[in-house]
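Reading through the structure tokens given below for one structure.
FYI, the numbering just counts along the sequence from 1.
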Amino acid sequence: MKKRNRLLALTLTAAMALSLAACGSKDPAPAESGAADPAASQAAGGEAVYRYLYSSEVQTFNYLYTGTQNDFQMSANCVDCLVEYDNYGVMIPSLAESWEPNEDNTEWTFHIRKGVKWVDYQGNEVADVTANDWVTAAKWVNTAANEASNQYMYDGIVKNAQAYYEYTAYLLESENGTKTVDADGNEITPVDEVKFEDVGVKAVDDYTLVYTMEQPCSYFPSVLSYDSYMPVYEPFLTEMGDSFGAATGPDTILYNGAFLMAEFAPQDHRTLVKNPTYWDKDNVFIDRMEWRYNSTASTLGPEQFVRGEVDYTELDAALLTSWLQDDAKYEMVSPSRPGVDYSYFYTFNFEPRFDESLEPDNWILAVNNENFRQSIMHALDRVNALAIQDPQNPETLVNNTVTPATFASAEGLDFTQYPALKAISERDSFDTAAALDYKAKAMEELTAAGATFPVKVYMRYNPATTNWDKECQIVEQQLEGVLGTDYIDIIVEAGPSTGFLASVRRAGDFGLMKCNWGADYADPQTWTNPFTPTGTGNNTYNFMHTSTDMDHKSAETQAIVDEYMSLITTAKGLTAVDQLAERYTAFAEAEAHLIDHAIIVPFSISTSGYVATRLNPFEGQYAPYGLALQRFKYQHLLDTPMNMEQFETLNEQWQTERAAALEAAGQ
């Protein structure tokens, strides 16, 4: 009962904080019991049916093209990869029974599981799964005309993949009448000819697949649980043409995974059924999944859960309070398991492209002053802000680094415990005395530079993201409360609910904003992408690389950027088998450099807050990258909803068992 009362008290405290924020000096500017026994809880007799209400429709089933998370959640349950993960995060065989690298990790050989079938949505066998299915996938993904959004997962990894992609892009431009010419108007070829046969993916025979790397790559197997490395049957792909994966019905793809999509009616329902020919069907415990569409699913979901009509729903902060006060509903509430699939951090925009009324020139002066950035970092009470997501244990969501703890380790040492990051990992950056000291220094320096106060801090949020607006109100109240409205004026404004990234973050229409990044593979390099001028982040997180004319950057900021890139270059060059610890050390120094200079402010790891569910989250596949968290394989349905006490018991058990499993696996 004490735990319940504490949770309720903290929930009400968060609500009071929101109320105070709403009544502040100015309004925001207008408009993201014991442990359960799963085996015993599986529905006895009859089908085990999982029911879910959703509000966002699938755009494509073409897993090679990719799309939104909503899209590849379907693909993850219908098509298997070479490898998968158990519930502790240990990599295990899937469509590859085994694999091995050569001596220097420049070549990886995979032995394909025999007897796996491609079937249609009705379960009719079409063909055997063979090594050539991955060769076909690689060619499709790396052909520029197909515009695969996850092609970047081959860039710098598989030999000549990027070169082939760039050559096909050149051919496509030539076909469209776009030509590159020299000063005299003579056509030139900007890239060398590369044939697909030169790309480092080969089927030695039907059941032996070899990938050749651009350079030694110890983490390559972790890349393979991503959708761009899923197999595809070439005759079917050719037959379907542009209709492959179209979200028009379940017949536009073939299946080799745990489930078949038996029915699909856009904006009505999706039905997945257990694949009777699945190679590992004994580990699939849900027989049928019924997904029903409703545009107001977030509102209706909790009501339908109480009535026993759905088996999972998320609970927003306002609804959570009333559920905790209801004896019956309290027994249906549990936390969602914090994951490391996304890391959240606040970032400062060095190239503001917002309205003149928000004083972008004044912001440029402020953001280039390190003492100003440090004052914001040390004034941010992350635990208080995160109470809106987890009123019981908000401190468990705090992430002191960009790379989450437990993400990766080398020679038995977690990446966040390498020397440059160890002290950062173990501290709380919230320090009001330090924040005020930095404020005093910043005001003196900025006044001399011609800045005016208060500095307008333009902070945006996506209204479609649950509770982001409320979190912004708390952060506004809290930062202004510590630093004073004589110093800063936090201006909170909603962005569009659709196209938010394109119109806000990528457009540079913000000053300070919470952003996120998710890992693509098991190496710390993946967490550098948002902060480098090339790669998937494309530096649209803070634009610290884009201005070369120094109109938006000071010499001090440029020096910080230059040093970061030098550290990254050094780290990327450490690829030898015996240099893994050195590589981690160098990447840790690069990340610490950005944090120490307050270019970014680490915030939290991802969570879905509190939920009502009849699934045990600790049974499912687990990995901080790839498709593991999207899969329903290994999970049972519980007879009764997971509650707080069950969750805590299972979580403690999982943590202990996971540590032992990773140690046994040498991870």
Short side-chain to backbone donor-acceptor contact, [X] and [Y], under 3.5 Å:
{"X": "Gln59", "Y": "Glu57", "answer": "yes"}
{"X": "Asp268", "Y": "Arg292", "answer": "no"}
{"X": "Asn399", "Y": "Ile605", "answer": "no"}
{"X": "Asn132", "Y": "Val135", "answer": "no"}
{"X": "Ser409", "Y": "Asp414", "answer": "no"}
{"X": "Glu239", "Y": "Phe236", "answer": "no"}

Find out whether [X] and [Y] are in side-chain contact, i.e. whether some heavy atom of one side chain is under 4.5 Å from a heavy atom of the other.
{"X": "Val577", "Y": "Ser218", "answer": "no"}
{"X": "Tyr65", "Y": "Val141", "answer": "no"}
{"X": "Met261", "Y": "Phe61", "answer": "yes"}
{"X": "Tyr165", "Y": "Thr143", "answer": "no"}
{"X": "Met91", "Y": "Ser225", "answer": "no"}
{"X": "Asn616", "Y": "Phe647", "answer": "no"}
{"X": "Arg583", "Y": "Gln525", "answer": "yes"}
{"X": "Val129", "Y": "Trp134", "answer": "yes"}

Asp520 and Tyr226: CA distance, side-chain angles, deciding distance, side chain to side chain donor-acceptor pair (under 3.5 Å) verdict: CA-CA 8 Å; Asp520 291 325; Tyr226 230 90; 3.1 Å; yes

Aromatic ring proximity, centroids under 6.0 angstrom, [Y] and [X]:
{"X": "Tyr622", "Y": "Tyr85", "value": "no"}
{"X": "Trp517", "Y": "Tyr344", "value": "no"}
{"X": "Phe587", "Y": "Tyr418", "value": "no"}
{"X": "Tyr50", "Y": "Phe632", "value": "yes"}
{"X": "Tyr584", "Y": "Phe415", "value": "yes"}

At their closest point, which heavy atom of [X] faces which heavy atom of [Y], and how far apart are they?
{"X": "Glu97", "Y": "Ile112", "value": "OE1-O, 4.3 Å"}
{"X": "Ser343", "Y": "Thr401", "value": "OG-O, 4.1 Å"}
{"X": "Met240", "Y": "Asp251", "value": "CE-O, 4.3 Å"}
{"X": "Ala148", "Y": "Trp140", "value": "CB-CZ3, 4.1 Å"}
{"X": "Val284", "Y": "Ala258", "value": "CG2-CB, 3.7 Å"}
{"X": "Thr136", "Y": "Leu237", "value": "CG2-CD2, 3.8 Å"}

Quiz item: cation-pi between [X] and [Y], 6.0 Å / 45°:
{"X": "Arg51", "Y": "Trp291", "value": "no"}
{"X": "Arg505", "Y": "Tyr541", "value": "yes"}
{"X": "Arg270", "Y": "Tyr54", "value": "yes"}

Going by atom types only, do [X] and [Y] share a side-chain donor-acceptor pair under 3.5 Å?
{"X": "Asn150", "Y": "Asp227", "result": "yes"}
{"X": "Gln162", "Y": "Tyr154", "result": "no"}
{"X": "Tyr278", "Y": "Asp80", "result": "yes"}
{"X": "Glu84", "Y": "Tyr634", "result": "yes"}
{"X": "Lys117", "Y": "Tyr255", "result": "no"}

query: With Leu272, which of Arg288, Met74, Glu290 fulfils side chain to side chain contact (heavy atoms under 4.5 Å, CB included)?
result: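 It is Met74; the other options fail the test.
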
query: Rounded to the nearest 0.5 Å, how far does CD of Glu263 lie from OG1 of Thr271?
result: 4.0 Å

task: Might you confirm whether atom NZ of Lys139 has over 12 heavy atoms from other residues, nucleotides or ligands at distances under 6.0 Å?
output: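 Open: at most 12 neighbouring heavy atoms sit under 6.0 Å from NZ of Lys139.
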
message: If you count heavy atoms of other groups shown closer than 6.0 angstrom to CG of Asn124, is the number above 12?
response: yes

message: Salt bridge or not between Asp280 and Lys633? Use side-chain N to carboxylate O under 4.0 Å.
response: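 Here Asp280 pairs with Lys633 in a salt bridge, since their nearest N and O are under 4.0 Å apart.
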
task: Give the C-alpha distance, both sets of side-chain angles, the deciding distance and a yes or no for side chain to side chain donor-acceptor pair (under 3.5 Å) between Asp86 and Gln621.
output: CA-CA 5 Å; Asp86 68 12; Gln621 295 188 39; over 6 Å; no

Any pair counted as side-chain hydrogen bond (donor to acceptor under 3.5 Å, both in side chains), so long as it reaches residues 98-110, sequence neighbours left out: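 Found Glu100-His111, Asn102-Asp104, Asn102-Thr106, Asp104-Thr106.
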
task: Identify which one of Asn256, Thr130, Asp133 satisfies the side chain to side chain donor-acceptor pair (under 3.5 Å) criterion when paired with Trp118.
output: Asp133

message: Over 60° means perpendicular and under 30° means parallel, so tell me whether Phe407 and Tyr625 are parallel, tilted or perpendicular.
response: perpendicular

message: Checking Thr403 against Glu591 for the side chain to side chain donor-acceptor pair (under 3.5 Å) test, could you report, in this order, the C-alpha distance in whole Å, the side-chain angles of both residues, the deciding distance, and whether it holds?
response: CA-CA 8 Å; Thr403 305; Glu591 182 169 322; 2.7 Å; yes

Intermediate values then yes/no, side chain to side chain donor-acceptor pair (under 3.5 Å), Asp205 and Thr208: CA-CA 5 Å; Asp205 56 46; Thr208 307; 2.9 Å; yes

